Amino acid sequence: QVQLVESGGGLVQAGGSLRLICAATGRTFRMYGIGWFRQASGKEREFVASISASGGSTDYADSVKGRFAISRDNAKNTVYLQMNSLEPEDTAVYSCAGGLTGKYSAWGQGTQVTVSS
């Protein structure tokens, strides 16, 4: 069973950067595509970015294209979300999720990102 734990969240000023980390345990991690999602207070959860098992394919929500970058290091069982040019609208709890074919079966607990204006 793959388990995911997020870290790296915090409080930053608008225009700043954060790097979120999704650390995984489990022998099948390398087979999992990983997605990042976020949920702002009072809002629905939304897709942010995803990366294929090999790292060869990535996808981004329009709202973060050009600002966020997802990457993975399978040797370290880790996926990253580099967030640049942060805006107050990016404030949310960010969670990572994993699955074999795009159907996510494992979720982390989430990490809070707060961007001040």
Side-chain angles (χ1 to χ4, degrees):
Q1 175 82 330
V2 171
Q3 294 181 313
L4 307 174
V5 178
E6 304 94 336
S7 62
L11 173 64
V12 298
Q13 293 184 334
S17 298
L18 283 174
R19 191 187 199 193
L20 302 185
I21 302 166
C22 178
T25 60
R27 298 178 183 180
T28 59
F29 171 77
R30 296 175 183 176
M31 301 174 63
Y32 274 50
I34 298 294
W36 283 97
F37 298 80
R38 67 187 183 186
Q39 186 169 22
S41 180
K43 305 294 184 181
E44 293 291 309
R45 179 183 294 157
E46 64 176 337
F47 168 80
V48 176
S50 64
I51 188 166
S52 62
S54 69
S57 298
T58 59
D59 192 25
Y60 298 92
D62 288 343
S63 59
V64 306
K65 284 182 179 177
R67 300 190 298 121
F68 291 10
I70 188 170
S71 61
R72 69 189 296 160
D73 186 342
N74 284 347
K76 297 181 179 179
N77 273 19
T78 303
V79 172
Y80 306 95
L81 184 67
Q82 179 66 47
M83 306 187 296
N84 300 323
S85 301
L86 284 163
E87 305 166 353
E89 293 75 19
D90 296 316
T91 295
V93 174
Y94 285 70
S95 301
C96 62
L100 293 177
T101 58
K103 184 176 182 179
Y104 296 113
S105 59
W107 289 80
Q109 85 290 348
T111 185
Q112 176 71 47
V113 171
T114 302
V115 184
S116 62
S117 59

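Computed from a predicted model, the values in this text were never measured in an experiment.
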Original post:
Quick one: are Asn77 and Thr25 in side-chain contact, heavy atoms under 4.5 Å?
Top reply: no
Subject >> Distance, nearest 0.5 Å, that separates OH of Tyr94 from CG of Leu81 >> reply: 7.5 Å
Original post:
Can you tell me how far the OH atom of Tyr60 sits from the CZ atom of Phe47, to the nearest 0.5 Å?
Top reply: 9.0 Å
Original post:
With a 4.5 Å heavy-atom cut-off, do Leu100 and Tyr32 have their side chains touching?
Top reply: yes
**OP:** Report the distance from atom CZ of Arg67 to atom OG of Ser85, rounding to the nearest 0.5 Å.
**Re:** 7.0 Å
Original post:
side chain to side chain contact (heavy atoms under 4.5 Å, CB included) with Thr114: which of Val12, Leu18, Leu11?
Top reply: Leu11
Subject >> Cation-aromatic face contact Arg72/Phe29, 6.0 Å, 45 degrees >> reply: yes
**OP:** For Tyr80 and Asp73, indicate whether the former's side chain and the latter's backbone hold a donor-acceptor pair under 3.5 Å.
**Re:** no
**OP:** Would you sort out whether Phe68 and Leu86 count as a side chain to side chain contact (heavy atoms under 4.5 Å, CB included), showing the intermediate values?
**Re:** CA-CA 9 Å; Phe68 291 10; Leu86 284 163; 3.8 Å; yes
Original post:
Should Arg38 and Val64 be marked as a side chain to side chain contact (heavy atoms under 4.5 Å, CB included) after you check the CA-CA gap, both sets of side-chain angles, and the distance that decides it?
Top reply: CA-CA 12 Å; Arg38 67 187 183 186; Val64 306; 4.0 Å; yes
Original post:
Would you say Gln109's side chain and Val5's backbone share a donor-acceptor pair under 3.5 angstrom?
Top reply: no
Original post:
Given side chains that start at C-beta, do those of Asp59 and Ser50 come closer than 4.5 Å, heavy atoms only?
Top reply: yes
Original post:
Measuring from Met31:CE to Thr101:OG1, what's the distance to the nearest 0.5 Å?
Top reply: 10.5 Å
**OP:** Keeping the roles fixed (side chain from Gln82, backbone from Arg19), state whether a donor-acceptor pair exists under 3.5 Å.
**Re:** no
Original post:
Would you say the side-chain atoms of Thr58 pair up with the backbone N or O of Ile51, donor to acceptor, closer than 3.5 Å?
Top reply: no
Original post:
Side-chain contact, heavy-atom cut-off 4.5 Å: Ser95 with Tyr104?
Top reply: no
Subject >> Side-chain donor or acceptor of Glu6 paired with backbone N/O of Cys96 under 3.5 Å >> reply: yes
Original post:
Which atom pair, heavy atoms only, marks the closest approach of Asp62 to Lys65?
Top reply: OD1-NZ, 3.1 Å
**OP:** Check the pair Gln112, Thr91 against side chain to side chain contact (heavy atoms under 4.5 Å, CB included), reporting the backbone distance first and the verdict last.
**Re:** CA-CA 8 Å; Gln112 176 71 47; Thr91 295; 4.0 Å; yes
Original post:
Distance-only, no hydrogens or angles: does the Gln39 side chain make a donor-acceptor pair with backbone N or O of Ala92 under 3.5 Å?
Top reply: no
Original post:
Can you tell me how far the OG atom of Ser54 sits from the CG atom of Asn74, to the nearest 0.5 Å?
Top reply: 8.0 Å
Subject >> For Ser17 against Asn84, the heavy-atom pair lying closest together >> reply: OG-OD1, 2.9 Å
**OP:** Any chance you could measure Cys22, atom SG, to Leu4, atom CG, to the nearest 0.5 Å?
**Re:** 4.5 Å
